[in-house]
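Computation of the quantities below employed the complete heavy-atom set of this structure, encompassing side-chain atoms and omitting hydrogens, waters and symmetry-equivalent molecules. Below, read A as the first sequence line, B as the second, and so on, with proteins coming before strands; counting in each chain starts at 1.
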Amino acid sequence: MTDYTMRDKSAIVGVGHTGCTKDAGAAPEAVWMRAVREALDDAGLRPADIDGISTPFTDTWPMGAVPTPFTLTESLGLPGLRWHAGPLGGAYSLGSVASAALAVSTGQCDTALAVHCMMRPKKKGPTAYNYRGAQAASGVYAHLAPYGYSVFVQMMATVTRRLLDTNGLTREQLGRLVVDQRSNALRNPLAVMKDPLTLEQYLDARWLAEPLALYDADMPVDAAIAVVITRSDRARDCRSRPVTIRHVSTFLGPRPDWVFQADYAELFPADLGRDFWRRAEIDPADLSFAEIQDGFSVYVPLWLEALGIVKRGEAGGYIGDGNLALGGSLPTNTHGGNLSEGRLQGGGAVVEAVRQLRGQAGERQVDGATTGLVTVGGSPTVCAALLHV
Amino acid sequence: MTRPELCRPVPVADDASAAYWAGAREHRLVIMRCGDCAFYVHPPRAVCPRCQQETLVGEEVSGRGTIYSYHVMHLPGVPGFTPPYAVAVVELAEQPGLFAVGNVLDCPPEEMATGMAVRVTFEELAGSDMTLPQWSREQA
Ligand SMILES: [Zn+2]
């Protein structure tokens with residue numbers, strides 16, 4: 001056995017989640033501090049116990065709806081911090097937890113706080129959500145924006161079209177995934193979506209960018225999560241049952257743009273998959289569940305194949321057979337995912353994995369859950385983590 | 001009054017892409033190719049990603065390709081475009097995985113298909129001195 005330094009040396013001892021709403025009706029700082037207070041209380045810790053902070057963004061100037069180590073240090077009334085950083089692998093929520101796990105495992109700090117907050121844009125601009133082309137299109141966008149190709153959903157639609165036409169995926173299989181996740185969300189009081197969804201409703205929904213329609217895209221919300229990570233030798237002194245971090249892996253894809261990469265069926269990093277299980281020393285068959293960040297529905301089949309959970313071209317059939325539903329062979333996005341719990345860029349997935357492993361997932365509990373996978377992001381920046389109890 | 005944020009984006013040439021855009025103005029599809037290892041690179045860049053040499057030069061290619069993938073945009077809000085409209089990723093005949101993005105000007109969105117053969121054409125971009133490489137269906 002190789003001695004990977006971080007193996008099982010850190011644990012999640014506190015989680016907080018505000019729940020997802022269309023309008024939190026509060027200032028961003030108030031929203032993320034609700035999650036922070038809950039996470040500290042869950043761990044039985046005080047602000048003074050925190051000596052490290054990681055967040056998806058680390059700019060030093062005020063960023064509005066975005067918590068940073070600086071704004072959090074102020075909010076917590078701390079005189080300063082031993083350690084702070086951005087997300088490992090650039091992977092937002094899980095990447096921040098992973099940074100903290102590395103720092104705690106290697107003695108950079110003892111107890112770290114990872115925070116992520118999403119707030120819906122409150123003003124409608126003249127351009128589409130996530131519009132990336134300036135009116136003068138430069139760099140790679142000089143080869144995209146003049147053709148009307150400049151919104152993120154278009155990139156994922158083009159990837160999906162390729163998978164539908166050449167990689168054994170169908171719209172009905174994606175629909176099964178979305179519908180199963182919606183039924184999970186109905187068992188999750190934190191989820192923004194409260195109504196059932198049928199396959200017919202999924203297939204009849206209006207197009208965003210064909211072949212992606214309304215229910216293929218995640219749901220923008222106001223919400224925040226917070227996670228407390230500490231040394232495993234201290235974790236048992238905390239109030240709640242610790243969840244051990246076995247391993248985290250990141251991967252940087254070869255291109256930043258999701259367009260000019262040669263093989264769309266391997267847009268997500270198969271290299272990460274091959275490496276991840278070896279380093280985690282866990283077989284995919286041993287997973288109790290998976291929480292796969294689903295910014296769009298198509299992320300899930302891409303991740304299943306990249307991680308080698310199924311072979312290339314087989315994710316669609318695996319999903320269509322109901323394997324990802326509660327009670328299936330690999331319950332996935334048991335909280336509803338970004339699609340139906342809300343767009344927390346995987347933050348909800350981290351909290352859900354912890355609650356599943358503690359047996360706190362209520363009506364959606366996976367019986368006897370001991371080992372969980374969390375993945376966040378897609379090529380180019382991704383992070384995967386293996387948690388267990 | 002024209003609202004600049006609603007105008008169709010005009011591409012900006014840079015040092016790496018100057019030959020590409022100059023070729024387009026002459027209605028030639030010019031793709032950067034490595035003088036050392038003969039690898040084609042698009043979008044243009046300064047250094048060959050296969051052999052790391054600064055020997056990329058523009059070379060006119062056949063202008064033939066097939067649609068690798070595409071989508072049909074239905075959302076409003078992309079400046080200068082009225083949905084629904086299709087955008088294609090074209091795999092150029094010269095090299096597997098060598099992609100260019102464009103619109104197939106003579107193909108309605110519902111007739112777009114992965115694997116369809118296309119040939120380069122050119123569109124003068126109104127209100128600018130730029131010419132866009134574009135695509136049309138290959139005549140059988
Ligand atoms: Zn070369």
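- Between chain A and the residues A16(B), G97(B), P43(B), the largest count of heavy-atom pairs under 4.5 Å involves P43(B).
- Contact count versus chain B (heavy atoms, under 4.5 Å) is highest, among V140(A), L208(A), L164(A), for L208(A).
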Chi angles and distances behind the salt bridge (Lys or Arg N to Asp or Glu O under 4.0 Å) call for R312(A), E305(A): CA-CA 5 Å; R312(A) 178 164 166 162; E305(A) 293 186 11; 5.4 Å; no
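- Per-residue heavy-atom pair counts under 4.5 Å with chain A were compared for Y85(B), F99(B), Y68(B), and the maximum is reached by Y68(B).
- Taking 4.0 Å as the cut-off between side-chain N and carboxylate O, E91(B) and R162(A) do not count as a salt-bridged pair.
- Side-chain contact check for Y202(A) and R176(A): no donor-acceptor pair (N or O, by modelled atom type) lies under 3.5 Å.
- For Y299(A), the ring-ring contact (aromatic ring centres under 6.0 Å, His included) partners at least two apart in sequence or on another chain are F268(A).
- A salt bridge between R33(B) and E94(B) is absent, with no side-chain N of the basic residue lying under 4.0 Å from a carboxylate O of the acidic one.
- Contacts of V87(B) with chain A are made by side-chain atoms alone, with heavy-atom separations under 4.5 Å and no backbone atom involved.
- Although no hydrogens or angles enter the test, the distance criterion places no donor-acceptor pair under 3.5 Å between the side chain of N167(A) and the main chain of L169(A).
- For chain B, the nearby parts of D263(A) are the backbone and the side chain; heavy atoms of each come within less than 4.5 Å.
- Looking at P133(B), both its backbone and its side chain come within 4.5 Å of chain A, counting heavy atoms on both sides.
- At a 4.5 Å heavy-atom cutoff, A13(B) makes no contact with chain A through either its backbone or its side chain.
- The candidate from P146(A), A209(A), A262(A) with the greatest count of non-hydrogen atom pairs under 4.5 Å with chain B is P146(A).
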